[in-house]
Protein chains: 2
Amino acid sequence: MTSNPLAKHKLTILYGVSLALLLFLLKWLELKLMIVNHAYEAYIGAVAIFFTTLGIWISLKLTKPKTVFVEKAVYINQSPGFTINQTELDKLGLSKRELEVLQLMAEGLSNQEISERLFVSLNTIKTHSAKLFEKMEVKRRTQAVEMAKRLCIIP
Amino acid sequence: MTSNPLAKHKLTILYGVSLALLLFLLKWLELKLMIVNHAYEAYIGAVAIFFTTLGIWISLKLTKPKTVFVEKAVYINQSPGFTINQTELDKLGLSKRELEVLQLMAEGLSNQEISERLFVSLNTIKTHSAKLFEKMEVKRRTQAVEMAKRLCIIP
DNA sequence: ACCGGGCTCATACTTTAGGATGATTTTGAA
DNA sequence: TTCAAAATCATCCTAAAGTATGAGCCCGGT
């Protein structure tokens with residue numbers, strides 16, 4: 001998202017600093033325990049436990065969540081209380097005017113009638129409908145209407 | 001799944017045995033390196049690297065995959081409990097074939113496609129559709145489909 | 001056997017829809 | 001302000017839809 005190079009490598013820098021601090025801690029521990037030589041095994045154990053934990057933590061942080069797509073069938077009851085499916089509408093990326101044309105198409109109007117209704121020329125409606133079909137990936141107005149109704153874009 | 005208590009803790013036991021073997025290895029390495037005291041830091045480093053790797057491996061093995069459930073709606077056009085309005089259908093006086101053509105029209109098929117679907121010629125479909133429009137008192141196929149849906153003649 | 005309706009198909013024609021492309025203006029967001 | 005998308009309109013052309021009319025075939029009812 002942010003193009004800031006510092007922010008981009010924030011995590012890497014953090015890891016580096018953490019490791020540096022860790023090395024200091026280890027050195028200190030080492031010197032301290034050198035005196036009490038009996039605690040040598042304990043030192044090794046502590047190192048082992050610490051790095052095991054570190055490894056676990058790192059992998060937990062770095063593993064990307066595995067996404068599982070679950071298809072869920074949804075029956076749409078469109079007659080009582082129709083609400084337009086904004087999600088599907090956005091997915092198609094239709095413009096305001098294109099949607100208007102689509103709605104009038106669904107009412108069974110011809111391009112000529114639509115152009116008169118919207119006070120624009122017939123050619124404009126043709127352009128709109130062409131872009132409409134392209135976006136909806138259909139070939140005919142009847143298909144567009146059928147699809148729009150199935151996706152609950154129009155009542 | 002299996003109710004066998006041994007199998008149930010097979011993984012735990014395996015880890016335990018592995019750790020025991022590991023401790024032996026460490027002890028051996030320790031003794032070996034004690035002679036060459038200069039390699040002490042290298043030993044610590046090896047332990048650190050090994051246990052980091054071990055930690056990563058363990059967490060990768062043990063963590064359940066993080067699943068992100070994405071609901072993907074599959075829209076089913078046939079609303080459950082659609083009943084054709086026989087009264088309105090009779091009122092129109094459509095023949096069996098004309099109704100078939102109307103249904104395929106509603107699916108967005110062209111006359112050509114309908115003719116191929118019904119194994120008849122394009123001209124036949126044109127004749128049917130013309131009679132259809134006359135009986136339904138509409139001018140275009142889009143109007144016919146809109147009317148048919150509104151009258152619950154087709155889903 | 002005869003008749004009518006449904007189904008089929010054909011020809012000829014007009015209208016509408018749709019595709020491809022280019023241009024201009026408006027407008028909304030960065 | 002500047003830039004991209006949206007909206008507008010045009011021309012040229014092809015494909016599809018729709019109209020009109022006529023004709024042959026089959027099936028069920030009278």
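Lettering of chains follows the sequences in order, A, B, ..., and the numbering in each one begins at 1. Since the model is a prediction, treat every value here as computed from it, not as a measurement.
- Residues satisfying the salt bridge (Lys or Arg N to Asp or Glu O under 4.0 Å) test with B:Lys91, not counting sequence neighbours, are B:Glu88.
- Following rounding to the nearest Å, A:Ile114 (CD1) and C:dA17 (C1') show an atom-to-atom distance of 11 Å.
- Rounded to whole angstrom, the span from the CG atom of A:Leu132 across to the P atom of C:dG19 amounts to 11 Å.
- Spacing between atom CG of B:Leu94 and atom P of C:dC7 amounts to 10 Å, rounded to whole angstrom units.
- Separating the CZ atom in B:Arg117 from the CD1 atom in B:Ile114 is a distance of 8.5 Å, to the nearest 0.5 Å.
- Residues satisfying the salt bridge (Lys or Arg N to Asp or Glu O under 4.0 Å) criterion with B:Glu113, sequence neighbours excluded, are A:Arg140.
- We find that CG of A:Leu104 is positioned 13 Å from P of C:dA17, with the value rounded to whole Å.
- Taking B:Lys131 as the reference, B:Glu98 meet the side chain to side chain contact (heavy atoms under 4.5 Å, CB included) condition, with sequence neighbours excluded.
- Note on A:Asn111: a side-chain N or O is less than 4.0 Å away from OP1 or OP2 of C:dA17.
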>> Strictly under 4.0 angstrom, non-hydrogen atoms only: write out the protein contact profile of nucleotides 5-15 of chain D, one letter per nucleotide from the 5' end, B, S or -.
In response: -SSBBBB----
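- The rotation axes computed at either terminus of the helix from C:dA1-D:dT30 to C:dA30-D:dT1 lie 50° apart, taking five pairs at each end and rounding to 10 degrees.
- Remark: A:Lys139 pairs with no residue by the salt bridge (Lys or Arg N to Asp or Glu O under 4.0 Å) rule, at least two apart or across chains.
- Rounded to whole Å, atom C1' of C:dG6 lies 14 Å from atom CG of B:Leu99.
- Rounded to an integer number of Å, the gap from NZ of B:Lys139 to P of C:dT16 is 11 Å.
- Every residue two or more places apart in sequence or in another chain was checked for a side chain to side chain contact (heavy atoms under 4.5 Å, CB included) with A:Thr127, and none qualifies.
- Remark: C1' of C:dA17 and CG of A:Leu109 are 15 Å apart, rounded to the nearest angstrom.
- Under the side chain to side chain contact (heavy atoms under 4.5 Å, CB included) criterion, A:Glu116 pairs with A:Gln112, not counting sequence neighbours.
- Distance, B:Phe133 CZ to C:dT15 P: 17 Å, rounded to whole Å.
- The CD atom of B:Gln86 sits 9.5 Å away from atom CD1 of B:Ile153, with the distance rounded to the nearest 0.5 Å.
- Applying the salt bridge (charged side-chain N to carboxylate O under 4.0 Å, His left out) test to every pair with at least one member in residues 142-155 of chain B, sequence neighbours left out, gives these pairs: B:Glu146-B:Arg150.
- An OP1 or OP2 oxygen of D:dG18 is reached within less than 4.0 angstrom by a side-chain nitrogen or oxygen of B:Arg141.
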